[in-house]
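Before any comments, here is the structure.
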Amino acid sequence: MRLPRNFPLLLCLSIVNGFLPNHESGGIASDFTDADITEMGVLRAVASYMEKNPLPGKPASTPGMLENMKPLTASGLFKAYFQADVSPSRFTKALQEIINGNNLVETRYREESSFFFYCEEIPKSITQLRIQRDSMLSSLKGSPTLSALQSARESAGIALHILQKFYSNTNWVEMGNSKPYEYLLNEASPAFPVTPKTTKTCVDCIREPDGGYSCDQNLIVKDMLTSGFFTSTTCRRKLPGKCGHGGIKDVTQNFPSTGGINKETSDPKFSPHYQLHKEAAELAIQATRDFFVGEGYGLLNQVGIDTFKKFFNLEGYSVTFVIDTTGSMSDDIEQVKTECIKKLREYSTSSDAPFNYILVPFNDPVVGPVMKTDKVDVFSSYISNLKVHGGGDCPEMSLGGLKLALQESLPRSKIFSFTDAGAKDASLKDEIKVLGDSTGSTVSYLLTGYCSSRKRRSIAARTYTNIYEELAAYTGGYYAKTTKKQLSQILGVMELSLNAAPVKIAHSLITGTQLSFPVDETITEITVSVKSSSSSAFSIAVLKPSGATSPSSVIINTADHKIVKVSPVNERGSWTVRVSPSGSYEVEIGGKSLLDFSYQIMQKQKEYVLPIQGRPVRGANYTFSMKVMGDANGAKVHRLAYINGQGSPIGSVALTQTSDAFGNILAIAPIILNAPTTLLIVEGLSPGGLPFSRVSAEPINTESVQILPLPGQNGTLSPGETLELSVVVVNDGPAASFSFNVLDDLGFLKSFKPASSSLAEGKNITLTATFMASGTVSGFASSIATFTAKSPTAQNYLKLPITVIPETALETDETPPVYKLLDFYMPCTVKLQQKPVCSGHSWRMRFSAMDAESAVTVRVNANPTSLSCSPQGTDGKDVICHYQSDCCSPYAEVQMSDEKGNTETLKIDYRRSRSSAA
């Protein structure tokens with residue numbers, strides 16, 4: 001793949017979606033991006049919550065102890081809160097969904113000024129911000145589902161984008177404000193006056209020899225809000241005398257008033273007020289924090305602790321059992337209750353104990369009911385009370401049970417399915433894979449039989465024993481099969497799954513007897529999993545760097561699969577697993593450590609590089625974007641390697657390391673995913689200078705079909721209206737017949753077309769769905785539409801949000817108050833303006849100010865103590881004001897503002913016998 005010479009800098013800025021817009025290529029490494037601001041604001045919010053809500057039995061933190069941590073990172077925050085090594089991976093998934101919502105604004109709403117505070121559309125932008133916040137809150141009503149939580153996070157990301165742009169694109173910072181503008185989020189706070197359309201706001205900047213501008217003193221409004229003009233579909237021209245957005249991407253910066261006022265970067269080529277970039281970013285971070293925990297108006301106050309924890313995935317995870325209750329499962333259920341409950345009791349007091357325990361029984365044809373508890377003993381009684389019956393016609397409805405488990409479990413949960421039969425409802429497989437992608441939960445299958453066809457399943461390049469092994473591999477879980485008498489020998493999988501900070505160190509297919517792997521100073525335990533390609537007996541030994549055999553405990557011990565655990569780890573360096581006899585084995589090395597990486601697969605969309613939606617397409621060009629997690633100060637990342645699902649090497653590429661504004665390690669690399677299933681490996685040096693290796697927790701599954709959204713669609717409608725959303729289905733594989741489907745969470749779907757189509761290689765078709773919000777819908781409502789395309793050999797999906805917005809919410813009051821001069825006396829001739837004579841003569845005026853919507857606030861720039869106003873009524877919408885001053889000051893500028901900040905100005909100026917009133 002051919003890359004531009006400035007690829008590392010350009011791509012880094014594009015990927016993280018800057019406080020600088022995505023498509024820009026300027027700025028410097030220390031610039032704050034939208035992703036930085038969102039992450040730090042969220043971390044401060046969660047830290048504030050944790051300070052006030054300690055874990056049971058733990059003392060409360062002193063105010064600021066967590067929020068002011070240096071550095072404040074997710075890993076450090078979780079370690080301090082839990083007082084143990086606990087991975088923040090579930091929380092960071094929620095955070096990434098918020099950031100993704102923030103990213104979407106740059107592509108979905110780029111032409112709408114109200115999403116950026118452009119063109120002095122300050123009241124419209126505030127309305128848009130509150131619409132997105134209300135949409136978020138509507139998704140969180142009651143007991144929100146997983147889809148509702150995802151929708152709420154996307155709405156939050158959009159709202160935060162608007163909120164953050166206020167500080168980079170308006171003059172709030174230039175006016176000397178050191179705190180966020182609380183009115184943006186809290187209508188009970190006073191609104192600041194907004195410049196009228198007729199008021200001049202900027203003068204020309206000074207042209208520099210290099211063609212740029214020096215704009216230190218271009219703002220001429222000091223006490224009213226204004227913003228820069230940036231042309232778009234909704235703002236087609238910059239008005240004379242108004243401030244521009246500015247920067248080399250602003251085509252109007254050379255037209256009066258030249259230059260601009262944005263503070264998006266610290267680079268003067270892109271940001272005329274570059275020197276205020278850090279101040280703007282700090283205010284945006286604080287405002288982001290207040291969006292979630294602002295006293296009296298933040299998300300926490302709006303939804304309560306339980307929903308707040310769900311929103312950020314702070315509840316933890318579920319341990320979910322999906323158990324076959326047909327007649328042959330009596331002994332299995334007894335062993336599960338005895339062995340698994342024993343292990344769950346051991347972990348029930350750990351720092352990262354499961355949030356709850358869920359039981360989903362299944363039979364034929366009945367699935368459920370779902371039983372939930374947060375107590376191990378109650379969970380044990382649920383299992384004890386299971387009644388086995390039926391099951392004469394194998395296979396069973398096992399995937400129906402798994403689907404229900406995925407829907408009811410918390411994100412990134414541990415799901416274990418116990419059965420001795422095949423799946424009668426195998427048609428649910430693809431739907432379950434989509435659920436697995438959305439939830440990030442791992443599914444482990446523990447079988448004591450499989451009374452279905454023994455035909456092996458060939459899925460692209462890999463052959464699976466059955467559909468259960470395929471689903472376990474797809475979600476990154478375990479698959480183990482044994483006899484009923486030996487079931488206890490595989491139940492040790494439970495212990496591996498309850499690791500509070502799991503990492504994968506290596507995954508390899510070996511032919512021979514041994515595999516070496518690096519163990520860095522952050523690893524506190526090691527697990528070694530070996531699968532044999534034959535059923536003949538084998539043994540394993542784990543060797544320390546010194547060559548001595550390490551003691552280990554057996555977790556799984558079957559004919560073709562063994563797992564052992566080493567804890568504690570008392571040597572660092574190159575360890576070895578030795579297998580006997582020589583043969584073909586699939587080896588996976590796991591462990592416990594906070595040093596890990598999170599990543600996204602990115603793709604260019606127009607001018608932007610954004611995370612892909614759905615599954616990546618086999619053979620397409622992508623960008624790998626990663627962030628090092630944990631206490632990684634001093635660590636180095638060198639190489640990205642990729643292997644197939646069984647561990648065979650595919651290729652590698654050098655990583656380009658950089659950092660964000662807070663010093664966190666980032667890295668990027670171009671990547672092409674040619675295998676049906678790929679695991680990614682990041683290699684480098686640990687903070688202590690030791691070689692380290694980390695394998696992605698979940699495999700990347702590629703497809704030969706992709707679904708892309710059509711541009712220019714915003715997914716909003718009012719009650720009683722219809723909405724059409726279209727996507728393009730592109731077949732990148734061989735000619736095939738595809739079936740299409742569309743679903744949405746709240747049942748807004750009316751129809752879609754076509755239902756099916758044959759597509760040749762490289763061809764595409766548009767899939768259009770029509771949605772309708774019932775006229776009975778009151779308030780906001782949010783849903784997610786899922787578009788799927790499926791052929792006999794490929795399947796992919798795309799999720800698009802749908803938001804119902806009441807018409808009243810779209811109404812923006814942009815009408816300023818009106819005034820009437822009731823009485824005016826001006827004796828201040830030129831002679832009477834001269835000192836000391838002027839102090840003995842005065843002028844006065846009486847005027848009314850009225851607004852149709854809200855109370856009026858009146859300010860005067862000269863002699864403010866000489867202004868007095870009396871309300872005419874109880875609502876403050878109509879006031880009568882008196883103003884008097886001596887002839888030394890025969891001028892005044894009166895600002896009349898409503899509660900939305902709309903401002904009208906009355907100007908009096910009789911200096912040198914000139915007068916004007918506006």
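All residue numbers refer to positions in the sequence shown, counting from 1.
- Residues forming a side-chain hydrogen bond (donor to acceptor under 3.5 Å, both in side chains) with T788 (at least two apart in sequence, or on another chain): none.
- With ring centers used as reference points, F116 lies under 6.0 Å from H161.
- With sequence neighbours excluded, no residue satisfies side-chain hydrogen bond (donor to acceptor under 3.5 Å, both in side chains) with N796.
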Could you give the side-chain donor-acceptor pairs of residues 707-724 under 3.5 Å, partners two or more places apart or in another chain?
residue : atom : partner : partner atom : Å
Q713    : OE1  : S726    : N            : 2.7
Q713    : NE2  : L710    : O            : 3.0
Q713    : NE2  : S726    : O            : 3.0
N714    : OD1  : T716    : N            : 3.2
N714    : OD1  : T716    : OG1          : 3.1
S718    : OG   : I805    : O            : 3.2
E721    : OE1  : S718    : N            : 3.1

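- In this structure, E703 pairs ionically with R615, as a charged nitrogen and a carboxylate oxygen lie closer than 4.0 Å.
- Taking 4.0 Å as the cut-off between side-chain N and carboxylate O, R412 and E698 count as a salt-bridged pair.
- Open room surrounds NZ on K124; 12 or fewer heavy atoms of other groups in view lie less than 6.0 Å from it.
- Checking S413 against T320 by side-chain atom types alone, no donor-acceptor pair falls below 3.5 Å.
- Inter-residue side-chain proximity for L610 and Q603 is flagged as unmet; no heavy-atom pair is nearer than 4.5 Å.
- F308 and Y49 have their aromatic ring centers within a separation under 6.0 angstrom.
- The structure places CD of E154 at 11.0 Å from CG of N102, a figure rounded to the nearest 0.5 Å.
- Counting only N and O atoms by type, the side chains of S135 and S782 include a donor and acceptor under 3.5 Å apart.
- Side chain to side chain, E120 and T226 meet the donor-acceptor criterion of an N or O pair below 3.5 Å.
- Between atom OG of residue S757 and atom CD1 of residue I765 there is a gap of 3.5 Å, rounded to the nearest 0.5 Å.
- A donor-acceptor contact closer than 3.5 angstrom is absent between the side chains of T475 and T442.
- Atom CZ of R90 and atom OH of Y317 lie 6.5 Å apart (nearest 0.5 Å).
- Note: Q407 CD to L435 CG = 5.5 Å, rounded to the nearest 0.5 Å.
- Remark: K179 NZ is loosely packed, at most 12 non-hydrogen atoms of other residues, nucleotides or ligands lying under 6.0 Å away.
- The side chain to side chain contact (heavy atoms under 4.5 Å, CB included) check on A94 picks up R153, N313, with sequence neighbours excluded.
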(request) Start with the C-alpha gap between Q706 and D732, add the side-chain angles, then the distance that decides, and say whether side-chain hydrogen bond (donor to acceptor under 3.5 Å, both in side chains) holds. (result) CA-CA 8 Å; Q706 59 180 320; D732 292 291; 3.1 Å; yes
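- A794 approaches V705 most closely through the heavy-atom pair CB-CG1, 4.0 Å.
- For CE of M772, the number of neighbouring non-hydrogen atoms (other residues, nucleotides, ligands) closer than 6.0 Å is greater than 12.
- In this pair, F117 and F166 present their aromatic rings perpendicular. The plane angle is above 60°, beyond the 30 to 60° band.
- The ring of F771 has its center no closer than 6.0 angstrom to the ring center of F748.
- The salt bridge (charged side-chain N to carboxylate O under 4.0 Å, His left out) check on D430 picks up K790, with sequence neighbours excluded.
- Residues L767 and V728 fail the side-chain proximity criterion, which asks for heavy atoms closer than 4.5 Å.
- Applying the salt bridge (charged side-chain N to carboxylate O under 4.0 Å, His left out) definition to pairs two or more places apart or across chains, those involving residues 180-189 are R130-E187, E187-K900.
- Between V856 and D898, the closest side-chain pair of non-hydrogen atoms is not below 4.5 Å.
- Taken to the nearest 0.5 Å, the CD1 atom of I285 stands 10.0 Å off from the CG atom of L43.
- Remark: D425 engages no residue in a side-chain hydrogen bond (donor to acceptor under 3.5 Å, both in side chains) (not counting sequence neighbours).
- When every heavy atom of P801 is checked against every heavy atom of L725, the shortest pair comes out as O-CD1, 4.4 Å.
- Side-chain contact check for T38 and Q164: at least one donor-acceptor pair (N or O, by modelled atom type) lies under 3.5 Å.
- With S151 contributing its side chain and A148 its backbone, the two residues share no donor-acceptor pair below 3.5 Å.
- The aromatic ring centroids of H245 and Y118 lie less than 6.0 Å from each other.
- The salt bridge (charged side-chain N to carboxylate O under 4.0 Å, His left out) test applied to E899 returns no partner, not counting sequence neighbours.
- What you find for S114 and S125 is that their closest heavy atoms are O-OG, 2.9 Å.
- Looking at heavy atoms from C-beta onward, L399 lies in side-chain contact with L471 at the 4.5 angstrom threshold.
- You'll find the side chain of I601 stays beyond 4.5 Å of the side chain of P611, heavy atoms only.
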(message) I158 vs F115, test: side chain to side chain contact (heavy atoms under 4.5 Å, CB included). Steps then yes/no.
(response) CA-CA 8 Å; I158 295 172; F115 284 81; 3.8 Å; yes
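- Taking the side chain as every heavy atom from C-beta outward, L137 and F780 never approach each other to under 4.5 Å.
- Between I131 and D134 the shortest side-chain heavy-atom distance does not fall below 4.5 Å.
- Rounding to the nearest 0.5 Å gives a distance of 10.5 Å between CD of E814 and CD1 of I122.
- Side-chain contact between T766 and T768: present, with at least one pair of heavy atoms (C-beta onward) separated by less than 4.5 Å.
- Panel note: side chain T107, backbone L104; a donor-acceptor pair is recorded below 3.5 Å.
- Checking side-chain atoms of T702 against main-chain N and O of V617 turns up no donor-acceptor pair under 3.5 Å.
- Listed by chain and residue number, E111 satisfy the side-chain hydrogen bond (donor to acceptor under 3.5 Å, both in side chains) test with T233 (two or more places apart in sequence, or in another chain).
- In summary, the side chains of Q96 and Q600 do present a donor paired with an acceptor at a separation below 3.5 Å, with no hydrogens or angles considered.
- A tilted orientation is assigned to the rings of F292 and F311, their planes being inclined by 30° to 60°.
- The salt bridge (charged side-chain N to carboxylate O under 4.0 Å, His left out) contacts involving residues 287-306 comprise E67-R289, where partners must be two or more places apart or lie in separate chains.
- Across D744 and S783, no two heavy atoms sit closer than the pair OD2-OG, 3.0 Å.
- In this structure R44 satisfies the salt bridge (charged side-chain N to carboxylate O under 4.0 Å, His left out) test together with E282, sequence neighbours excluded.
- Defined by atom type and a distance below 3.5 Å, a donor-acceptor pair is present between the side-chain atoms of S318 and N356.
- Contacts of K372 classified as salt bridge (charged side-chain N to carboxylate O under 4.0 Å, His left out), with partners at least two apart in sequence or in another chain: E408.
- Defined by atom type and a distance below 3.5 Å, a donor-acceptor pair is missing between the side-chain atoms of S409 and S441.
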